[in-house]
Amino acid sequence: MTPAELSLALRAALVRAVDDGAVDLDLADLPAELHVERPRQREHGDWATNIAMQLAKKAGVAPRLIAEAVAVRLREAPGVAAVDVAGPGFLNITLDTAAAGELVRSIVEAGPGYGRTQELAGERVNLEFVSANPTGPIHIGGVRWAAVGDSLARVLQAAGAGVTREYYFNDHGGQIDRFARSLLARARGEETPEDGYGGAYIDEIAEAVVAGELAAGRPDPRTLPAAEAQEAFRAGGVDRMFSEIKASLHDFGVDFDVYFHEDSLHESGAVERAVARLRELGHIFEADGATWLRTTDFGDDKDRVIIKSDGEAAYIAADLAYYLDKRERGFDRVIIMLGADHHGYIGRMMAMCAAFGDVPGVNLEILIGQLVNLLKDGKPLRMSKRAGTVVTLEDLVELVGVDAARYSLARSSADSSLDVDLDLLTRATNENPVFYVQYAHARTANVARNAADAGVRREDGFDPSLLEHESEAVLLGALSDYPRVIAQAARLREPHRVARYLETLAGSYHKWYDQKRRVLPVGDEAVTDAHRTRLWLNDATRQVLANGLGLLGVGAPERM
RNA sequence: GCCCGCGUAGCUCAGUGGAUAGAGCGUCUGCCUCCGGAGCAGAAGGUCGAAGGUUCGAGUCCUUUCGCGGGCACCA
């Protein structure tokens, strides 16, 4: 019996209580969905609900009276073994062993589809994340968004949404100019400009650009006139940085559907069109020689310049065009993940969204993630390109591997800043909880292999009433919770919930395993339905662990 | 100064109004005569930063306050 089925039975019991006149309540006051949850304490049964307390005010009676009326009727539902009224009016529900055990069959049958819901069906989501400037490799701050963003995309898809992963390349403007100047200077053997980019990678890229131009039969860019040389290094440098970033993200298991270049917005006239549109809508004004968007009409704390007095587009101008472009591509939900150092953009971006006539928070969502603090020996480590202490995506993967890196970055809420101790990562990689979860999966795989060798086959028998051990009730409960967790993670945009869930599921499995609820017969003991049914449970657990790890982009190894 | 996020076990972090606040790591004690000990059982460790308030009920919501991080451009 799944939680959803139980929820329906609960509703039916409540409706009957009202029909019988036991509870005086308008049925329209019932919440759309009656949810049951796993109580913290096992003694409180398999499932619990506080619906009686919620309805007490509307009905004008004590919660326990409602609870009693529902309990009497719910006890008659098939699959329900016991219903108790506890405390101020909780309903504690215990399922019939066989009804609870039926769940494993539905999990095995659903396979990779177990946990998918229609929660967000029909939504077209554009999820933008990472979007690091192509002026250097992705460092550890950006890696967090790669891990979290990609998992979020998978979670949203599992909840039924159509998702496009998008990366915005800021290949236009002052920082790119500085990048190009730095390349040019280093290629000519000169000092890095005052406001330029240092680091060994600049030299490497500069060399590669020169070699690339020569190989293509074009003149040595170092010898070109200043403007042309700068352009050659800009184009060549951005291009190389672009492929490097793409490649390291790919190695990290993150592939974007769309890599969008800011430059294209300026070249295609999209910026002018967006500004013209806002002008028609009456939100544009001219002052001090610049063109402004009146964002204060929509809650921003000051108006924003979109075309500077020198005629150049300000950064936000491209954002306007970009947002409009996404909407015109048919996305009803534009989600952007940003680091906390960009949270000041929220006000203007939401105002911009409203200026277009859209609904902030619905059509445009901005998720702010806190930054990663890098530690060494427990002390803060400042990343400095000059000091060579920048930790890149590639460094991190080399140190701990993709699975451990993704998992440790994705398992905590993006709302909390995260301390990453490099020594801890290098010295004790198996302290990462990912191994706890992966080991549980490897164990299920091992049990399945051994079962096959011993002639224990699922198709020979299944008797869920034999899943009577306490550890089995706990494990079944954890398995049944999975779809709810995924739906919640999708709704709240919090993929870390998947990791936390997997840790408790793995724990329930390990405990079950250590209870000697054996899948294999001992010695010359015959294979019984008990063995076969436990194999069903083992395999269902394996399926859910694999599904969950998949949502995190982490491998589910057969052996470790 | 104003705005946002965070203060929960020694450390890193879960817990978006429910019952006795959890996990991993670290410390201590046990468990390999049959499915892998990267595991399990148990112990120790908490005034959930502080003070008020709302509620039948607050780690969770509101106000104030302290501490930490981040942000407040005609930069990108």
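Chain naming here is simple, since letters A, B, ... match the order of the sequence lines and numbering starts at 1 in each.
In terms of the side chain to side chain contact (heavy atoms under 4.5 Å, CB included) criterion, residue partners of Arg304(A) (sequence neighbours excluded) are, by chain and number, Thr295(A), Asp300(A), Asp301(A), Lys302(A), Ile316(A), Arg348(A). The side-chain hydrogen bond (donor to acceptor under 3.5 Å, both in side chains) test applied to Asp239(A) returns no partner, not counting sequence neighbours. Under the salt bridge (Lys or Arg N to Asp or Glu O under 4.0 Å) criterion, Asp481(A) pairs with Arg484(A), sequence neighbours left out. For Ser412(A), the side chain to side chain contact (heavy atoms under 4.5 Å, CB included) partners at least two apart in sequence or on another chain are Arg144(A), Leu418(A), Arg500(A). The side chain to side chain contact (heavy atoms under 4.5 Å, CB included) test applied to Asp177(A) returns Arg181(A), Gln230(A), not counting sequence neighbours. Residues meeting the salt bridge (Lys or Arg N to Asp or Glu O under 4.0 Å) test with Arg40(A), sequence neighbours left out: none. Residues satisfying the salt bridge (Lys or Arg N to Asp or Glu O under 4.0 Å) test with Arg279(A), not counting sequence neighbours, are Glu286(A). Asp341(A) pairs by the side chain to side chain contact (heavy atoms under 4.5 Å, CB included) definition with Leu371(A), not counting sequence neighbours.
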Pairs under 3.5 Å (N/O, protein and nucleotides 54-60 of chain B):
none

Using nucleotides 9-13 of chain B, report all nitrogen or oxygen pairs with the protein that are shorter than 3.5 Å.
from   : atom 1 : to        : atom 2 : distance (Å)
U12(B) : OP1    : Asp419(A) : OD2    : 3.4
C13(B) : OP1    : Ser417(A) : O      : 3.1
C13(B) : OP1    : Asp419(A) : N      : 2.4
C13(B) : O2'    : Arg500(A) : NH2    : 2.0

Protein-nucleotides 28-33 of chain B N/O pairs closer than 3.5 Å?
none

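Using P as the reference atom, G1(B) and A14(B) are 29 Å apart when rounded to the nearest Å. G46(B) and A9(B) are spaced 6 Å apart, taking the C1' atom of each and rounding to whole Å. Rounded to the nearest Å, the gap between the P atom of G18(B) and that of G57(B) is 14 Å.
Between the base of G71(B) and the side chain of His343(A) there is no donor-acceptor pair shorter than 3.5 Å.
Within residues 168-178 of chain A, the residues having any heavy atom closer than 4.0 Å to RNA chain B are, in order of number, His172(A), Gly173(A), Gly174(A), Gln175(A).
The glycosidic torsion of C66(B) lies more than 90° away from 0, which places this base in the anti conformation.
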